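Here is the structure we will look at.
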Protein chains: 2
Amino acid sequence: MSESKKLHLTAFMRPVSLHTGAWRYPGSYPDANFSLAHIVSFIKKLEDAKFDAFFMADHLAVLNMPVEALRRSHTVTSFEPFTLLSALSVVTEKIGLAATASTTYDEPYHIARRFASLDHLSNGRAAWNIVTTGNPESAKNFGLDEHVEHSERYKRAREFYDVVTGLWDSFADDAFIRDQESGIFMDPEKMHVLNHKGDDLKVKGPLNIARPVQGWPVIVQAGQSEPGRQLAAETAEVVFCSPRDLVAAKALYADIKGRVVAAGRDRNQLKILPAAFIVIGDTVEEAKAKRLHLDSLVHYDSAIASLSVSLGTDASEFDPDGPLPTDLPPTNASHTSRAGVVKLAEDEKLTVRQLAGRLGGYSGLAFVGTPESIADEMGIWLSEEAADGFTVAFPFLPQGLDDVTQRLVPELQRRGIFRQDYEGTTLREHLGLPRPRNQFFP
Amino acid sequence: MSESKKLHLTAFMRPVSLHTGAWRYPGSYPDANFSLAHIVSFIKKLEDAKFDAFFMADHLAVLNMPVEALRRSHTVTSFEPFTLLSALSVVTEKIGLAATASTTYDEPYHIARRFASLDHLSNGRAAWNIVTTGNPESAKNFGLDEHVEHSERYKRAREFYDVVTGLWDSFADDAFIRDQESGIFMDPEKMHVLNHKGDDLKVKGPLNIARPVQGWPVIVQAGQSEPGRQLAAETAEVVFCSPRDLVAAKALYADIKGRVVAAGRDRNQLKILPAAFIVIGDTVEEAKAKRLHLDSLVHYDSAIASLSVSLGTDASEFDPDGPLPTDLPPTNASHTSRAGVVKLAEDEKLTVRQLAGRLGGYSGLAFVGTPESIADEMGIWLSEEAADGFTVAFPFLPQGLDDVTQRLVPELQRRGIFRQDYEGTTLREHLGLPRPRNQFFP
Ligand SMILES: Cc1cc2nc3c(=O)[nH]c(=O)nc-3n(C[C@H](O)[C@H](O)[C@H](O)COP(=O)(O)O)c2cc1C
Ligand SMILES: Cc1cc2nc3c(=O)[nH]c(=O)nc-3n(C[C@H](O)[C@H](O)[C@H](O)COP(=O)(O)O)c2cc1C
């Protein structure tokens with residue numbers, strides 16, 4: 001029998017849970033955003049469960065939300081990713097460490113250097129989630145009045161990637177000789193001066209740090225648009241995405257893998273990991289009830305604001321404990337968005353209050369069920385080429401994380417679709433990705 | 001008897017030792033630049049010895065040096081400061097963590113955020129060495145052809161400081177309520193939007209991180225020029241400097257403290273810590289011999305290049321093992337620099353080779369002697385108001401560091417001029433500095 005395909009799992013942390021009601025869930029730690037001790041306990045559990053990586057999502061502004069939502073959200077402030085992941089590198093040995101960094105509002109020399117440093121500190125476990133920064137509020141924190149335009153952001157991102165990878169290759173792997181006897185520390189012939197001059201960036205180099213342990217840290221991309229997918233196809237080794245369901249995921253998977261091949265790359269050298277919110281119970285009904293309880297912890301004032309945005313109409317007039325009215329007023333806002341919400345309310349028979357909690361909490365792809373039912377679903381996604389694994393969002397912590405590491409992971413392992421132990425010591429080894437050659441010293 | 005004045009000590013690490021021959025010294029670790037384990041062992045010893053802080057100097061380019069020097073220098077590449085210090089914060093509890101960050105080639109939002117994050121991770125131990133970046137090579141790594149002009153750099157630095165400290169004050173200390181019952185996480189009335197619009201910077205805010213544990217991380221400044229001193233007087237709480245000798249140090253001390261008072265500040269709220277290279281022996285002669293040995297490990301090719309620069313003439317023609325010729329050809333280069341070198345050669349009766357090794361190794365202020373003789377000197381500097389302590393450069397590691405922590409520090413403690421234990425848990429407490437009030441929520 002050929003070795004079966006296996007899932008890759010990364011933990012999606014923003015700052016701790018993505019769900020805006022999570023900090024109120026019984027047993028959760030409301031202060032976890034600034035408690036290194038809690039985050040250390042989370043990552044150790046993830047490493048024990050052999051997760052590929054711990055991923056810290058990030059934004060360059062307080063997220064733009066109505067004041068009622070802001071008042072109730074724990075997602076506003078937390079540690080900055082480079083500093084946090086560097087600290088976590090010391091208390092872990094194997095798990096990958098993925099940080100988000102912007103190509104629009106930072107400099108390639110800094111980004112190249114910090115990821116290289118994290119890769120050295122962690123002995124080869126760093127990954128860079130390349131984002132062009134979606135949140136327009138960020139621009140105002142970096143000297144601009146308006147967000148940089150979308151296509152311009154992606155154009156710069158592509159060039160930025162060339163510069164960063166070029167800087168990582170500043171030194172041959174064997175440039176540092178360190179012979180105390182002869183006094184030769186480094187061979188200057190094995191140092192490359194990049195001298196990049198492009199449309200958006202001008203960077204001389206060399207980078208003042210040795211080549212990363214992994215050659216290059218793993219490249220992650222999470223853009224969903226046409227240029228986002230194209231950038232991924234040309235550069236990424238991992239794609240984070242958020243397809244609605246299996247059908248959408250298969251189409252996205254085929255599209256991205258096709259682009260990878262068209263770009264002349266090996267399709268196995270890019271792993272597609274949709275974001276999945278995982279809620280586990282002893283029965284499917286119990287899991288659903290947990291989720292409803294969690295959603296109910298999103299305060300109605302902020303939940304209803306989210307529902308109103310999705311419906312394109314003021315939902316605060318509706319009876320909270322009745323069904324969604326069938327006679328919604330016409331809207332100029334997104335019809336796809338409204339249609340999705342109407343379908344969700346019908347499918348799950350949600351009241352207005354429950355629907356609002358869902359949209360104000362976390363409304364992306366979710367697996368809600370028992371370890372067995374979720375392992376079934378994940379197996380289907382894997383075998384039907386909808387995913388190479390998942391970017392797992394925990395509903396609440398620590399319990400929602402413990403449910404995944406102690407109940408779901410063993411079930412996946414029993415089925416042979418998740419590793420029993422790490423394949424090596426670097427993130428590239430966990431992901432089955434080759435170490436890139438140095439383009440200047442091959 | 002009133003409580004006597006005490007010294008403050010910070011460790012000056014660049015990347016490990018500043019001396020370019022240090023990696024060849026018997027017993028040293030040639031690979032320490034990328035060995036977290038070695039650096040961890042260093043900082044733990046410094047913490048056991050109750051050092052105020054561990055300071056990571058930093059540059060934004062491979063230092064501009066002749067290829068012969070580059071080949072032999074271990075100072076070229078190491079970890080990046082934010083990532084390194086964050087990792088070190090996890091393995092230490094009390095010692096301060098000072099990182100260098102540039103106001104010329106970085107963004108205030110990033111700098112404010114990373115220091116705030118390091119301060120949270122370390123429970124109040126972060127310090128920011130504000131530099132305007134002296135190395136002109138840096139400009140070329142950040143899109144420019146020429147280094148930003150000196151006065152423009154300092155003008156931006158002053159404004160940059162206002163923005164960073166303003167961003168640190170984005171949230172009142174009690175903004176985060178985290179009441180699970182009522183669902184109120186944060187009080188938006190305790191969040192300040194900076195809306196800074198100045199000559200060089202435009203930054204909206206708020207910062208997406210809670211106020212640092214120390215209110216503001218400690219501000220360090222190391223500029224030596226007129227605008228450098230003025231910036232220090234207006235903003236700094238610690239000054240790193242490099243006076244030649246006691247006389248120069250007293251003048252500098254008086255000048256800076258005078259400016260502090262003129263700026264309306266308390267003169268005790270700025271500590272002046274000259275950089276001092278410390279070589280310890282059982283006798284003064286032994287210490288001097290160690291230093292000569294160390295200097296001899298700087299390869300002649302690179303040492304002689306340094307000597308030539310300092311003399312403003314080609315020194316490779318001179319007899320390496322003879323004295324410095326008295327009939328030096330006239331020079332257009334700095335006469336002060338040449339005069340200093342000539343005096344040094346005379347005072348210490350150095351051959352050309354020894355002189356070259358000194359200049360190619362480390363030529364700043366040095367205390368070379370026994371623990372007792374150095375403690376005498378340091379006591380004089382403290383009582384004569386030449387220094388509030390020192391930024392200690394180790395000649396080689398680990399031995400040169402062990403000599404300081406195991407021999408000099410106990411001697412200073414015996415004399416009552418260095419602490420027996422930390423005064424508190426934050427760097428501000430070690431330095432006797434107040435926690436700044438929040439300017440928007442006083
Ligand atoms: C799983 C996942 C994680 C993401 N993490 C981040 C993040 O940390 N920071 C960020 O600015 N955007 C993040 N994004 C958003 C994307 O980078 C991108 O901005 C968004 O999908 C819009 O895509 P587009 O700009 O290609 O249209 C994430 C998206 C997904 C699906
Ligand atoms: C002890 C000490 C440490 C310093 N550390 C750094 C450093 O880490 N990075 C840097 O760019 N400059 C460093 N400098 C240089 C100063 O920041 C400054 O650029 C230099 O003294 C020239 O001063 P000026 O620009 O005011 O003329 C240091 C200086 C001293 C005395």
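Labels below follow one simple rule: chain letters A, B, ... track the order of the sequence lines, proteins then strands, and each chain is numbered from 1. Just so we're clear, the structure is a prediction, and the values are computed from it rather than from any experiment.
- No other option in B/Ala87, B/Pro206, B/Pro81, B/Ala175 has as many heavy-atom pairs under 4.5 Å with chain A as B/Ala87.
- For B/Glu107 (side chain) and A/Asp106 (main-chain N/O), no donor-acceptor pair under 3.5 Å exists by modelled atom type.
- Between B/His59 and A/Asn208, the shortest heavy-atom distance links the atoms O-ND2, 2.8 Å.
- Heavy-atom pairs under 4.5 Å with chain A were tallied for B/Ser78, B/Ser89, B/Ala116; the largest tally goes to B/Ser78.
- For a residue to count as touching a neighbouring chain, one of its non-hydrogen atoms must lie under 4.5 Å from one of that chain's; by this rule B/Asp31 touches chain A with backbone and side chain alike.
- The contact between A/Val91 and chain B is made entirely by side chain atoms (from C-beta outward), counting heavy-atom distances below 4.5 Å.
- Proximity to chain A is limited to the side chain of B/Glu137, based on heavy atoms less than 4.5 angstrom apart.
- Heavy-atom neighbours of A/Gln180 CD from other residues, nucleotides or ligands within 6.0 Å: above the threshold of 12.
- Of the N and O atoms on the side chains of B/Ser117 and A/Thr83, at least one donor lies less than 3.5 Å from an acceptor on the other residue.
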**Request:** Please step through side-chain contact (heavy atoms from CB on, under 4.5 Å) for the pair B/Phe176 and A/Asn33, ending with a clear verdict.
**Result:** CA-CA 11 Å; B/Phe176 296 91; A/Asn33 286 346; over 6 Å; no
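- If you tally non-hydrogen atom pairs under 4.5 Å between each of B/Val90, B/Val62, B/Leu121, B/Val203 and chain A, the highest count goes to B/Leu121.
- Formation of a donor-acceptor pair under 3.5 Å by the B/Asn141 side chain with backbone atoms of A/Gly205 is found in this model.
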**Item:** Chi angles and distances behind the side-chain contact (heavy atoms from CB on, under 4.5 Å) call for A/Ser73, B/Met186
**Value:** CA-CA 8 Å; A/Ser73 171; B/Met186 192 263 286; over 6 Å; no
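- Proximity to chain A is limited to the backbone of B/Tyr25, based on heavy atoms less than 4.5 angstrom apart.
- Neither the backbone nor the side chain of B/Leu85 comes within contact range of chain A, judged by heavy atoms closer than 4.5 Å.
- Across B/Pro108, B/Ser122, B/Ser182, B/Ala139, the residue that shares the most heavy-atom pairs under 4.5 angstrom with chain A is B/Ser182.
- Ranked by heavy-atom pairs shorter than 4.5 Å toward chain A, the options B/Leu144, B/Asp145, B/Leu118 are led by B/Asp145.
- When A/Ala61, A/Ser28, A/Gly21 are compared by the number of non-hydrogen pairs under 4.5 Å with chain B, A/Ala61 comes out ahead.
- Between chain B and the options A/His120, A/His299, A/Met191, the largest number of non-hydrogen pairs under 4.5 Å is found for A/His120.
- Looking at every heavy atom in both residues, A/Pro30 comes nearest to B/Arg178 through O-CD, 3.2 Å.
- Electrostatic pairing of A/Arg113 and B/Asp58 counts as a salt bridge here, judged by a charged N lying under 4.0 Å from a carboxylate O.
- The environment of NZ in A/Lys44 is sparse: at most 12 heavy-atom neighbours from other residues, nucleotides or ligands sit within 6.0 Å.
- The two residues A/Trp23 and B/Asp179 come nearest to each other via the heavy atoms CH2-O, 3.3 Å.
- Heavy atoms closer than 4.5 Å to chain A are found nowhere in B/Ser170, neither backbone nor side chain.
- Most heavy-atom pairs under 4.5 Å with chain B, from the set A/Pro188, A/Gly143, A/Gly183: that is A/Gly183.
- In this structure, B/Asp187 contributes its side chain and A/Arg71 its backbone to no donor-acceptor pair below 3.5 Å.
- In terms of heavy-atom pairs under 4.5 Å with chain A, the best-connected choice from B/Asn195, B/Leu60, B/Leu201 is B/Leu60.
- A donor-acceptor distance shorter than 3.5 angstrom exists from the side chain of B/Arg24 to the backbone of A/Glu181, with no hydrogens or angles considered.
- Note on A/Arg114 versus B/Glu80: salt bridge recorded, some NZ/NE/NH1/NH2 to OD/OE distance being below 4.0 Å.
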**Request:** Give the C-alpha distance, both sets of side-chain angles, the deciding distance and a yes or no for side-chain contact (heavy atoms from CB on, under 4.5 Å) between A/Phe185 and B/His74.
**Result:** CA-CA 6 Å; A/Phe185 191 81; B/His74 67 133; 3.3 Å; yes
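- For A/Phe142, the ring-ring contact (aromatic ring centres under 6.0 Å, His included) criterion is met by A/Tyr105, B/Tyr109, B/His110, not counting sequence neighbours.
- Inspection of non-hydrogen atoms places B/Phe34, B/Leu36 of residues 34-41 of chain B under 4.5 Å from chain A.
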